[in-house]
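Since the structure comes first, as structure tokens, the remarks are kept for the end.
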Amino acid sequence: ETGVTQSPTHLIKTRGQQVTLRCSSQSGHNTVSWYQQALGQGPQFIFQYYREEENGRGNFPPRFSGLQFPNYSSELNVNALELDDSALYLCASSLDRGAYEQYFGPGTRLTVT
Amino acid sequence: SQKIEQNSEALNIQEGKTATLTCNYTNYSPAYLQWYRQDPGRGPVFLLLIRENEKEKRKERLKVTFDTTLKQSLFHITASQPADSATYLCALVNTGGFKTIFGAGTRLFVKA
């Protein structure tokens, strides 16, 4: 088990609603990345935060936004939920921006109805 | 566009044999290539990282090769065990390490 935790474990939302997912990074890690994983697919990079600043972004619309806090925990916010947003959302922490070994949390399963 | 291809069909092998998984990529020049293991309903677990200037990396029963000319990586598990049954993901990392692109993964089944 890694030291990365995510909450909640499961979530059901209705189309059009907003959701906030949370991630606590492993102790000593200052970088957090968020991924979306659809069933049967690999994780897709959403964005990365390094020391409270966004450090890179994948091909996701602006309604996907994030935050990183001084303790390096992080939030992923998704506005105006669509059915296609149903997926497993994973966060991964790493020791530093340039450290490539990522430690993943167990994920949050989001279902949009 | 950038693309990573892994065998979509599951790989079934007998215990004790060597499992070989393939990862091919196009339109990308990664600084690093990684392999992860993922069990159902869980997050991926980091296994190995290989840099663009390295040809081969080993860790216990695992071996990874990286051919930047062929744009291919091979992942080997020797003396495979039923506990090795999982999905294995290949991932490419750009210089700076802020963006990681994952393949869809290959499901491995090791039969006792």
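Owing to the predicted nature of the structure, the values given are computational and were not obtained by experimental measurement. Lettering of chains follows the sequences in order, A, B, ..., and the numbering in each one begins at 1.
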Response to the item:
Applying a strict 4.5 Å limit to non-hydrogen atoms, the region of A:Pro43 in contact with chain B is both
Discussion item. For a quick check under 3.5 Å, do B:Asn24 and B:Gln72 share a side-chain donor-acceptor pair by atom type?
Written reply: yes
Item to complete: Below 4.5 Å from any heavy atom of chain B, which atoms of A:Tyr35 appear? Answer side chain, backbone, both or neither.
Response: side chain
Worksheet item: Is the distance between the ring centroids of A:Tyr103 and A:His29 under 6.0 Å?
Response: yes
Fill in: Structural part of B:Gln6 lying under 4.5 Å from a heavy atom of chain A
neither
Worksheet item: What class does the angle between the rings of B:Trp35 and B:Phe75 fall in, given that below 30° is parallel, 30 to 60° is tilted and above 60° is perpendicular?
Response: parallel
Worksheet item: Does B:Asp84 come within less than 4.0 Å of B:Arg61, counting only side-chain N to carboxylate O?
Response: yes
Practice prompt. Look at B:Pro44, B:Gly105, B:Gly103 and state which one has the largest set of heavy-atom pairs under 4.5 Å with chain A.
Written response: B:Pro44
Worksheet item: Strictly by modelled atom types, are A:Thr31 and A:Gln48 linked by a side-chain donor-acceptor pair under 3.5 Å?
Response: no
Worksheet entry | Portion of A:Gln6 that has a non-hydrogen atom of chain B nearer than 4.5 angstrom | neither
